[in-house]
Amino acid sequence: MTSPIYRRIYAVVQRIPAGKVATYGQIARLADLGGHARQVGYAMHALPANSHVPWHRVVNAKGEISIRSEPLAAEVQKQLLEAEGIIFEKHSKINLHRYRWQTGSVKIR
DNA sequence: GCAGTGACTAGTA
DNA sequence: ATACTAGCCACTG
């Protein structure tokens with residue numbers, strides 16, 4: 001069920017402040033996964049719907065929503081982000097320079 | 001235990 | 001600028 005890796009990923013995602021986003025690779029680095037971003041996406045997919053983890057604040061390195069298997073969830077994610085003040089550009093992209101969570105060199109474990 | 005899968009990323013063309 | 005490829009490795013059947 002919830003492996004240690006998953007819980008570490010969720011712990012990092014929960015640190016993302018409202019109105020900010022983080023990339024999969026960023027989460028992987030902060031969670032000491034060695035930059036294995038795919039596992040972050042996998043963990044998000046396994047996340048139960050009733051979780052309080054702000055999964056919608058996680059986007060890919062291009063600033064786009066990456067959900068392939070659940071296109072409906074992508075719409076939900078977009079609306080949740082817009083509700084937090086994040087403005088989407090063309091092709092449902094967001095400006096990472098403006099909205100990316102600035103974690104600096106602080107690692108979260 | 002092995003093979004297939006994937007909410008990714010960085011590189012190359 | 002976009003499109004394709006290889007590498008990555010936990011999870012699933």
Side-chain angles (χ1 to χ4, degrees):
Chain A
M1 299 280 288
T2 49
S3 70
I5 292 178
Y6 277 24
R7 290 199 296 150
R8 204 164 356 165
I9 291 170
Y10 300 152
V12 174
V13 175
Q14 285 181 342
R15 305 297 190 94
I16 306 174
K20 293 288 181 179
V21 299
T23 67
Y24 295 97
Q26 183 180 6
I27 304 269
R29 183 168 49 80
L30 293 171
D32 287 323
L33 300 181
H36 299 140
R38 305 199 74 153
Q39 300 314 125
V40 177
Y42 208 93
M44 294 299 106
H45 187 246
L47 195 60
N50 57 345
S51 171
H52 54 287
V53 176
W55 57 271
H56 56 279
R57 296 181 189 141
V58 184
V59 298
N60 67 19
K62 304 189 203 90
E64 295 177 309
I65 294 171
S66 293
I67 303 176
R68 290 190 285 179
S69 56
E70 293 279 354
L72 194 63
E75 270 306 309
V76 175
Q77 179 173 10
K78 184 178 177 182
Q79 298 201 10
L80 286 170
L81 291 175
E82 286 177 335
E84 294 184 351
I86 293 177
I87 299 171
F88 282 77
E89 301 175 348
K90 293 178 182 178
H91 304 301
S92 296
K93 279 191 179 180
I94 66 177
N95 188 335
L96 285 179
H97 286 295
R98 186 166 152 187
Y99 296 117
R100 196 175 91 87
W101 180 30
Q102 300 299 131
T103 54
S105 58
V106 179
K107 281 192 177 182
I108 298 175
R109 177 156 51 97

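A, B, ... follow the sequence lines: proteins, then strands. Residue 1 opens every chain. From a predicted model like this one, the values you see are computed outputs, not experimental measurements.
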(message) With heavy-atom distances below 4.5 Å as the criterion, would you say the side chains of A:S66 and A:V59 are in contact?
(response) no
(request) By nearest nucleotide on DNA chain C, pick out whichever of A:H91 and A:I5 is the more 5' one. (result) A:H91
(request) Indicate yes or no: at least one non-hydrogen side-chain atom of A:I9 is less than 4.5 angstrom from one of A:Y42. (result) no
(message) What I want to check is whether the side chains of A:H56 and A:Q79 have a donor and an acceptor closer together than 3.5 Å.
(response) no
(request) May I ask you to verify if any side-chain N or O of A:S3 is less than 4.0 angstrom from the OP1 or OP2 atom of C:dC11? (result) yes
(message) Please tell me whether A:L47 and A:L72 are part of a single hydrophobic cluster in this structure, the criterion being side-chain heavy atoms less than 4.5 Å apart.
(response) no
(request) For A:E64, enumerate each residue passing the salt bridge (charged side-chain N to carboxylate O under 4.0 Å, His left out) test, keeping only those at least two apart in sequence or located in another chain. (result) none
(request) Round to the nearest Å and state the distance from A:E64 atom CD to C:dA1 atom C1'. (result) 14 Å
(message) Less than 4.0 angstrom between a side-chain N/O of A:H36 and OP1 or OP2 of C:dC8, yes or no?
(response) no
(request) Could you tell me whether the side chain of A:R15 reaches within less than 4.5 Å of the side chain of A:L30, counting heavy atoms only? (result) no
(request) If a protein heavy atom is under 4.0 Å from the base, mark B; if only from the sugar-phosphate, S; if neither, -; do that for nucleotides 7-13 of chain B going 5' to 3'. (result) BBS----
(request) Starting at atom CG of A:L33, determine the distance to atom P of C:dC11, rounded to an integer number of angstrom. (result) 10 Å
